[in-house]
Amino acid sequence: MTHTFPEEVLEHVFSFLNTQHDRNTVSLVCKSWYEMERWCRKRVFIGNCYAVNPRVLIQRFPEVKSIELKGKPHFADFNLVPEGWGGYVYDWIVEMVRVYPMLEEIKLKRMVVSDECLEMIGKGFKYFRVLSLVSCDGFSTDGLAAIAANCRNLRVLDLRECEVEDLSGYWMSHFPDSFTSLECLNMACLNSEVSFSALERLVARSPNLKILRLNRAVPLEKLSTLLQLAPQLVEFGTGAYSADVSTDVYSSLVAAFSGCKDLKDLSGFWDVVPAYLPAFYSVCSRLTCLNLSYATIKCPDLTKIVSQCHNLQRLLVLDYIEDTGLNSVALTCKDLRELRVFPSDPFVADPNVLLTEEGLVSVSKGCPKLQSVLYFCRQMSNSALISIAQNRPNLTCFRLCILEPRAPDYLTFEPLDVGFGSIVENCKDLKRLSMSGLLTDRVFEYIGTHAKKLDMLSIAFAGDSDLGLHYVLSGCESLRKLEIRDCPFGDKALLANASKLETMRSLWMSSCNVSFGACKLLGQKMPDLNVEVIDERENLYSISESDPVEKLYIYRTVAGERSDMPNFVRTMGKDDMYNLS
Amino acid sequence: MSLETSNITSEPPSTTINVNNEIFIDLNDTELTLGLPGESRKLEAKRKFPDVFVLKLGRNDQHDMTECSVVTKSSPSKEQIVGWPPVKCYRKNTTINDCKYVKVAVDGAPYLRKLDLQLYTCYQQLLCAFEHLFSSCFTIRNILNETKLMDPANGTVYVTTYEDKDGDWMLVGDVPWKMFVESCKRIRLMKNSETIDGSDLLKKF
């Protein structure tokens with residue numbers, strides 16, 4: 001059949017498909033559409049860098065302009081993935097410099113990026129525009145200097161939550177005077193002080209700068225200077241929000257903030273001196289996103305702020321906000337979509353603030369658009385969870401962390417199975433769930449039965465037996481990411497649901513009961529899975545079959561066993577034919 | 001000013017371990033207090049004292065003669081589980097505590113210093129901090145089962161006092177650490193001219 005749309009028409013039609021998902025779908029229609037689509041795909045997203053390799057990428061997509069890669073498993077954020085596990089972007093950069101000289105964007109999450117990589121990016125891509133590094137490590141400010149010095153057309157330098165070796169703040173001075181294209185600069189995670197005059201001049205010559213997030217080292221006294229140079233800012237992060245109280249500094253700050261008519265997003269606020277808080281009140285009513293999760297200010301000040309933020313959609317805050325502050329949020333922030341409450345003192349058992357389950361119930365009642373919750377607290381009850389579920393059936397992301405592992409319903413001392421069960425039953429579009437507290441196999445039965453849209457599930461210190469894991473793996477049709485720690489799940493459920501694992505991106509299990517032998521079997525039976533055993537305690541070639549493994553990371557891949565494993569990681573079932581011992 | 005072994009304790013408690021010129025003293029045995037000499041004090045359960053206090057002896061280091069490395073439990077109530085609660089590393093590292101800077105005056109010192117009390121979790125760490133700040137004035141000594149701040153040149157003992165919220169001058173060490181941090185407005189180390197001789201100490205009280 002040869003009479004089909006001319007290629008140009010198809011290409012034009014495909015150009016309206018922007019999501020990875022849609023493009024993947026059309027490429028499955030037929031061979032010619034697959035070919036057509038792969039030649040015109042410009043943006044590629046790879047959720048697990050080890051699921052493919054650079055060669056596979058390049059073979060399929062020859063015209064890539066933007067690439068997004070994710071490396072380490074999510075639990076790496078909490079120190080559960082040992083240093084040296086992997087996630088190196090080096091080989092990708094080498095290949096892409098060779099094959100994609102027109103590459104414009106690189107976005108990386110949880111990857112190890114060396115200074116050499118940054119230098120290769122700076123020198124290898126003439127039209128490079130966007131560098132976004134989230135939760136990455138392995139580089140220093142020297143690498144940033146290489147980016148600054150070489151990327152003539154840079155628009156975005158977005159460093160979020162990275163661990164950067166801070167050699168000096170001098171990197172910023174490497175942006176040439178002719179460089180004027182900056183639109184976004186996020187340096188909040190850097191420690192060292194940059195030259196303020198270099199920063200000032202950079203901001204002054206960047207008329208398109210819309211996002212500026214400073215680091216803690218930029219003093220409050222200098223903020224008004226910057227804001228006056230960039231009144232067009234839409235997103236702004238302060239440095240340390242403290243200075244000796246001075247009416248001059250205060251009034252300049254007030255004037256500078258009110259001059260920013262487009263400002264919608266504020267963050268920063270380290271070391272807050274409360275006297276300076278009113279300086280930004282004039283922006284509150286326009287704010288759609290406010291991140292006070294580093295601000296050590298107490299409830300009355302917090303309440304005063306949120307009660308002016310009528311248009312707030314995203315709020316990140318410490319538990320200093322307490323239940324009373326959250327009541328204020330419930331009354332004022334009727335457009336709230338996302339709430340994140342972080343613990344101010346996570347390692348102390350006794351509550352240091354008056355934040356309980358009540359605050360969350362209150363927000364769930366008062367904020368009809370609330371979809372996404374991340375909440376740390378010290379007590380929870382089934383009745384509260386049921387209220388939340390019934391108030392907010394539109395929740396898509398519910399992450400609850402009760403600080404004490406295995407904490408029961410504080411009113412009835414029962415497990416929280418029914419409460420979480422209510423969440424998955426009522427919130428039919430729930431895509432992400434993190435659970436905590438005392439949970440038996442029953443909660444997993446509820447999840448397997450109801451959580452049909454669930455994409456990502458995080459479990460800790462929960463369950464009684466393999467049945468729990470079995471319910472999840474057999475019931476959750478949309479599940480792609482599962483991460484489990486300290487649960488009594490073993491071999492049976494895993495082996496019985498082996499084929500499910502091929503439909504998922506990854507499974508992480510640490511401090512569970514999966515035996516070395518089962519891992520070997522799984523690796524042998526499932527050639528498209530990498531079954532990585534991570535164990536720092538033992539020699540991986542001398543563990544006995546019945547011993548439980550320390551950590552297990554299973555992911556589907558077309559790239560086979562990876563070649564950059566350290567000695568504490570072994571891919572099971574692949575090398576057994578060559579294993580002579 | 002270097003610490004001489006003979007001045008530490010004449011009879012080390014049974015839990016003293018001598019390793020590479022470092023003497024480990026179990027503080028619970030020595031009943032560390034900051035009280036007046038001769039008074040017997042009970043260790044209150046609420047106090048958080050370190051389990052081991054290390055005195056580095058006979059070092060060549062001129063700058064840090066009495067390096068205080070205090071080993072403390074990181075959590076007051078229980079052992080920490082790796083990766084729990086799931087708070088990202090960079091959030092843990094940002095100091096969440098408020099600063100609480102107080103002036104510290106030492107009798108005879110030409111100028112005052114300032115200390116952030118939030119940096120410490122117990123009285124012993126505070127003593128070490130004083131020692132660092134005013135190293136020319138005094139050093140920490142163990143005398144008759146009590147740890148004191150003393151000028152070895154003339155035997156002067158310093159008594160740590162603080163002004164509380166009510167404006168009263170109190171003896172440091174009576175109340176639990178957190179309560180002290182909250183009520184302390186300023187600190188004064190007062191000279192209490194005494195000799196090391198135990199009999200003199202007993203005579204006074």
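Per chain, numbering begins at 1; letters A, B, ... match sequence-line order. Both backbone and side-chain heavy atoms feed into the values below; hydrogens, waters and symmetry mates do not.
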- Message: With a 4.5 angstrom heavy-atom cut-off, is it the side chain or the backbone of A/Ala460 that approaches chain B, or both, or neither?
- Response: side chain

- Task: Begin from the C-alpha positions of A/Asp350 and A/Arg378 and carry the test salt bridge (charged side-chain N to carboxylate O under 4.0 Å, His left out) through to its verdict.
- Result: CA-CA 8 Å; A/Asp350 298 326; A/Arg378 286 182 169 84; over 6 Å; no

- Start with the C-alpha gap between A/Lys551 and A/Asp535, add the side-chain angles, then the distance that decides, and say whether salt bridge (charged side-chain N to carboxylate O under 4.0 Å, His left out) holds. CA-CA 6 Å; A/Lys551 296 169 186 175; A/Asp535 208 317; over 6 Å; no

- Let me know if A/Ser458 has heavy atoms under 4.5 Å from chain B in its side chain, its backbone, both or neither. neither

- Which of these passes salt bridge (charged side-chain N to carboxylate O under 4.0 Å, His left out) with A/Asp77: A/Arg110, A/Lys72, A/Lys109? A/Arg110

- Message: A quick test of your reading: do over 12 heavy atoms of other residues, nucleotides or ligands sit less than 6.0 Å from CG of A/Asp244?
- Response: no

- Applying a strict 4.5 Å limit to non-hydrogen atoms, the region of A/Phe461 in contact with chain B is side chain

